[in-house]
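Working notes, beginning with the structure itself.
The figures that follow rest on heavy atoms only: side chains count, while hydrogens, waters and symmetry mates do not.
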Amino acid sequence: MAEPERTERRPRPAPLLFEPSEAVADPEHFFDLESIEDPRELLSRATELTLAFRAAQERAVEFQALAAAQLADPRRFDRLTPAAIAERADWTEDYTRKMIEFGETLQYGRADLT
């Protein structure tokens with residue numbers, strides 16, 4: 001039985017704005033939020049950033065899983081064991097196996113992640 005096609009589209013979060021290197025050096029600086037005085041505007045921008053970071057984290061996990069599945073693929077002459085992948089990613093072997101399985105479902109359930 002084939003996997004159902006995913007029809008839901010994730011909303012695009014607000015873009016993360018570039019942080020100048022001088023601002024990054026200041027530990028109190030975070031995407032210029034400290035300069036917003038209107039609490040409504042601050043809540044709005046902070047919420048946009050929260051959603052953007054969540055979306056970025058979810059997307060990065062998908063790419064980690066895809067890479068793990070590709071590295072563990074038995075058809076690769078240079079494939080890695082789950083233990084080797086776990087060491088590279090600083091994961092446990094159990095988590096690595098789950099990520100490999102998740103990556104396989106992404107690989108065969110969806111043509112592309114971009």
Side-chain angles (χ1 to χ4, degrees):
M1 185 164 163
E3 291 279 324
E5 187 175 322
R6 288 176 62 169
T7 57
E8 67 186 58
R9 298 295 284 170
R10 292 184 193 161
R12 292 272 180 196
L16 298 177
L17 302 176
F18 173 72
E19 286 266 273
S21 57
E22 313 84 59
V24 174
D26 179 5
E28 296 298 314
H29 183 82
F30 188 73
F31 288 90
D32 209 26
L33 292 179
E34 70 286 346
S35 69
I36 300 173
E37 294 183 19
D38 177 9
R40 287 178 190 89
E41 185 182 343
L42 179 59
L43 178 61
S44 177
R45 182 64 182 142
T47 301
E48 287 176 346
L49 285 170
T50 298
L51 295 174
F53 283 123
R54 279 187 197 145
Q57 185 268 338
E58 289 173 6
R59 195 83 167 136
V61 168
E62 288 179 349
F63 279 103
Q64 282 182 312
L66 185 60
Q70 291 172 350
L71 288 169
D73 189 336
R75 297 172 295 186
R76 289 177 62 108
F77 77 93
D78 61 344
R79 74 178 174 268
L80 298 177
T81 64
I85 296 169
E87 185 177 328
R88 283 180 178 223
D90 197 26
W91 296 335
T92 65
E93 283 191 55
D94 284 343
Y95 184 75
T96 301
R97 283 189 210 50
K98 290 177 184 174
M99 287 295 278
I100 291 169
E101 285 179 30
F102 178 46
E104 289 169 347
T105 63
L106 290 173
Q107 203 169 19
Y108 300 114
R110 282 181 19 200
D112 74 335
L113 288 172
T114 55

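Of all heavy-atom pairs between Ala69 and Gly103, the closest is CB-C, 3.6 Å. Summarising the geometry of Ala72 relative to Ile100, their closest heavy-atom pair is CB-CD1, 3.6 Å, with the distance given to 0.1 Å. Residues Arg45 and Leu33 come closest through the heavy atom pair CG-CD2, 3.4 Å. Gln70 and Gln107 make their closest contact through CG-NE2, 3.4 Å (heavy atoms, listed as atom of the first residue, atom of the second, distance).
Within 6.0 Å of the CG atom in Asp38, the count of heavy atoms belonging to other residues, nucleotides or ligands exceeds 12. Surrounding CZ of Arg40 are at most 12 heavy atoms belonging to other residues, nucleotides or ligands under 6.0 Å away.
The shortest distance between side-chain heavy atoms of Leu80 and Arg88 falls below 4.5 Å. By the 4.5 Å heavy-atom criterion applied to side chains, Tyr95 and Met99 are counted as neighbours.
Separating the CG atom in Asp90 from the CD1 atom in Ile85 is a distance of 14.0 Å, to the nearest 0.5 Å.
In terms of modelled atom types and a separation under 3.5 Å, the side chain of Thr47 and the main chain of Leu43 share a donor-acceptor contact. The main-chain N or O of Glu37 is never found under 3.5 Å from a side-chain atom of Glu41 such that the two would form a donor-acceptor pair. Put simply, the side chain of Arg97 gets close to the backbone of Glu93: a donor and an acceptor are under 3.5 Å apart.
With respect to the salt-bridge test (charged N to carboxylate O, under 4.0 angstrom), the residues Glu101 and Lys98 do not qualify.
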